[in-house]
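Below is one structure, written out as structure tokens, with a few remarks after it.
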Amino acid sequence: MKPVSHAHAFARSDRSPLGVWWWTVDRWMLGVVALLIGIGVLMSFAASPAAAARMNIGDPFHFAVRQCVFAGAAAFVLLTISMLDVKGVRRAAFFIWLFAIAVMIALPFIGHSAKGATRWLQFGSFTFQPSEYMKPALIILVAWMFAEGQKGQGVPGVSIAFGLYAISVGLLLIQPDVGQTVLITVAFGAAFWMAGVPMSWVMLLGATAIAGLSSTYFLFPHVASRVDRFLSPDKADTHQVDRAAEAISAGGFFGRGPGEGVMKRHVPDLHTDFIYSVGAEEYGLIFSLLLVALFGFVVVRGLYRAMKLSDPFEQVAAAGLFVLVGQQAIINVAVNLNLIPTKGMTLPFISYGGSSMLAMGLTMGLALALTRRRPGAYTPTEGLAKAGAYA
């Protein structure tokens with residue numbers, strides 16, 4: 001049953017920008033993302049005391065309070081960006097990419113180093129990671145270039161797309177950030193494939209990507225040590241992963257209960273990369289599966305809606321963004337379950353972190369903007385043509 005206020009504020013005849021947005025946006029997707037943000041805030045309250053104690057921060061809810069602020073800011077970014085039209089999405093992506101790349105070029109000189117990599121700018125107590133914002137912007141730009149190239153009007157779309165990708169990946173490897181490079185490469189490959197290029201090209205890109213990924217083992221000592229630790233855990237310090245695995249198994253089906261987690265005190269990155277194991281310990285397997293199901297819903301529904309779009313650019317861009325979100329969630333959960341070597345990859349909307357939270361708000365905002373029910377946006381077979389009356 002709908003609240004009266006909503007029905008009144010957003011009548012179908014409402015022509016205000018907010019009214020039009022409400023009737024054209026994917027409200028199911030919006031609801032699930034809101035639920036994920038809420039779970040992220042809940043998890044930060046579970047993880048914050050242990051993380052604050054480990055870092056000798058007096059306020060036990062230091063990280064939880066900050067996460068609430070980040071969650072509010074991310075929700076604002078998501079809602080604002082989702083109101084953009086297609087031209088606005090392209091324009092925003094272009095300027096965000098330019099700005100992020102400019103900051104990434106400056107990072108070796110003015111960046112903040114941590115754990116052997118220079119990926120952040122430090123502003124007081126806030127760290128800004130430009131690569132997080134560059135990812136969704138890049139996917140939209142390459143989708144745009146692929147679409148322009150297909151029009152046959154002499155625009156070298158594929159060449160420009162590869163150029164944008166090469167610049168982005170080159171700057172990531174200077175930091176070095178192999179995890180984000182893998183993420184971008186898979187999403188770029190997916191966009192490339194969905195743009196309808198010959199399969200032989202996709203296979204060539206895949207082979208090059210595998211060769212490039214293999215070479216990182218020999219080029220970057222931290223990658224080699226992580227892979228070695230994963231392949232022969234008996235010979236190396238696998239403290240983080242072992243504690244995370246113990247936390248997950250200690251949770252059982254229904255968990256120890258809110259705030260009752262014990263293992264989290266021994267997991268160094270518990271509020272960021274290993275938040276999944278904190279949730280599994282306190283809320284159990286049922287909660288873990290629900291979380292995975294929510295991400296599954298976002299990705300599957302997102303890809304389904306993207307497939308139904310009639311414009312090639314919107315189709316590839318939206319699908320690429322959902323691949324980005326899904327892939328990041330899969331990598332984070334796989335690391336927690338010790339299925340792949342550790343990567344500094346956050347769980348979208350759940351892990352603590354300002355850059356990660358805001359960038360996810362941006363990514364989902366762009367995806368929601370592209371999948372809105374505009375006149376002619378969807379193929380009539382989908383039964384959404386009638387929605388044009390409200391766009």
Side-chain angles (χ1 to χ4, degrees), residues 37 40-41 44 47-48 51-52 55 57 62-81 84 91-141 164 167-184 187 222 268-269 271-273 275 321 324-325 328 331-332 343-367:
I37 293 175
V41 169
S44 71
S48 185
M55 296 181 192
I57 295 168
H62 169 80
F63 294 109
V65 170
R66 286 172 65 102
Q67 185 74 345
C68 289
V69 174
F70 297 147
F76 176 76
V77 168
L78 187 151
L79 295 174
T80 307
I81 296 288
L84 293 175
R91 198 171 288 155
F94 176 71
F95 287 114
I96 290 166
W97 186 82
L98 271 187
F99 175 72
I101 290 294
V103 176
M104 285 167 74
I105 290 169
L107 276 182
F109 313 104
I110 59 170
H112 167 70
S113 292
K115 298 181 187 175
T118 311
R119 302 173 187 168
W120 302 271
L121 277 186
Q122 185 96 34
F123 300 105
S125 62
F126 180 75
T127 50
F128 174 76
Q129 189 175 349
S131 60
E132 290 278 9
Y133 303 89
M134 179 270 285
K135 290 184 299 191
L138 174 71
I139 295 303
I140 284 174
L141 292 184
L164 296 170
I167 291 167
S168 306
V169 164
L171 288 169
L172 277 175
L173 291 175
I174 287 169
Q175 297 181 6
D177 192 339
V178 176
Q180 300 278 25
T181 304
V182 170
L183 205 61
I184 280 176
H222 77 285
D269 290 332
H271 58 310
T272 53
D273 303 350
I275 193 85
L321 292 174
L324 204 58
V325 174
Q328 191 162 329
I331 290 174
N332 179 279
K343 295 244 75 52
M345 197 74 71
T346 56
L347 187 56
F349 297 115
I350 310 293
S351 293
Y352 169 81
S355 283
S356 162
M357 193 63 138
L358 289 172
M360 268 301 140
L362 171 69
T363 305
M364 280 307 302
L366 291 165

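When reading the values below, keep in mind they use all heavy atoms of this one structure, side chains included, and skip hydrogens, waters and symmetry mates. Just so it is clear, the structure is predicted and the values come from calculations on it, not from any experiment.
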Applying side chain to side chain donor-acceptor pair (under 3.5 Å) to Ser44 and not counting sequence neighbours gives none

Spatial distance of atom OG1 (Thr363) from atom CG (Leu324) [nearest 0.5 Å]: 6.0 Å

For a quick test of your reading: what N or O donor-acceptor pairs under 3.5 Å do the side chains of residues 93-100 make, sequence neighbours left out?
unit_1 : atom_1 : unit_2 : atom_2 : d
Trp97  : NE1    : Ser168 : OG     : 3.2

Would you please test Val169 and Ile184 for side-chain contact (heavy atoms from CB on, under 4.5 Å) and show each step? CA-CA 8 Å; Val169 164; Ile184 280 176; 4.3 Å; yes

Verdict with supporting geometry, Gln129 and Met134, side-chain contact (heavy atoms from CB on, under 4.5 Å): CA-CA 9 Å; Gln129 189 175 349; Met134 179 270 285; over 6 Å; no

Which heavy atom of Gly361 sits nearest a heavy atom of Phe349, and at what distance? N-CE2, 3.9 Å

Heavy-atom closest pair (Leu173 atom, Val178 atom, distance to 0.1 Å) is CD2-CG2, 4.4 Å

Answer yes or no: is there a donor N or O on one side and an acceptor on the other, between the side chain of Asn332 and the main chain of Asp273, under 3.5 Å? yes

Provide the closest heavy-atom pair for Ile275 versus Ala47 in the form atom of the first, atom of the second, distance. CD1-CB, 3.8 Å

Would you call Met104 and Gln175 a side-chain contact if the rule is heavy atoms closer than 4.5 Å? yes

Using the side chain to side chain contact (heavy atoms under 4.5 Å, CB included) criterion, which residues pair with Ile105? Sequence neighbours excluded. Ile101, Leu171

Rounded to the nearest 0.5 Å, the OG atom of Ser131 sits from the CG atom of Leu183 at a distance of 10.0 Å

When you measure from the side chain of Thr127 to the backbone of Leu121, do you find a donor-acceptor pair of N or O atoms at a distance under 3.5 Å? no

For Ser351, check side chain to side chain donor-acceptor pair (under 3.5 Å) against everything at least two apart and list the hits. none

Look up atom CD1 in Ile331 and atom CE in Met345, then write down how far apart they are to the nearest 0.5 Å. 4.0 Å

Who are the side chain to side chain donor-acceptor pair (under 3.5 Å) partners of Thr346, not counting sequence neighbours? Gln328, Ser356

Qualifying salt bridge (charged side-chain N to carboxylate O under 4.0 Å, His left out) pairs, either residue in residues 120-132, two or more places apart: Glu132-Lys135

Applying side-chain contact (heavy atoms from CB on, under 4.5 Å), run through Tyr133 and Val103 and close with a yes or a no. CA-CA 11 Å; Tyr133 303 89; Val103 176; over 6 Å; no

List in chain and number order the residues that pass side chain to side chain donor-acceptor pair (under 3.5 Å) with Asp177, two or more places apart in sequence or in another chain; answer none if no residue qualifies. none

Can you run down the side-chain hydrogen bond (donor to acceptor under 3.5 Å, both in side chains) pairs that involve residues 66-79, sequence neighbours left out, and say none if there aren't any? Arg66-Ser125, Arg66-Tyr352

Where is the tightest heavy-atom contact between Val41 and Ala71, given as atom of each residue plus distance? CG2-CB, 3.7 Å

Can you check whether Met360 reaches Ile37 side chain to side chain, under 4.5 Å on heavy atoms? no

So CD1 of Ile140 and CG of Leu164: to nearest 0.5 Å the spacing works out to 13.0 Å

Looking only at non-hydrogen atoms, find the nearest pair between Phe70 and Leu358 and report the distance. O-CD2, 4.4 Å

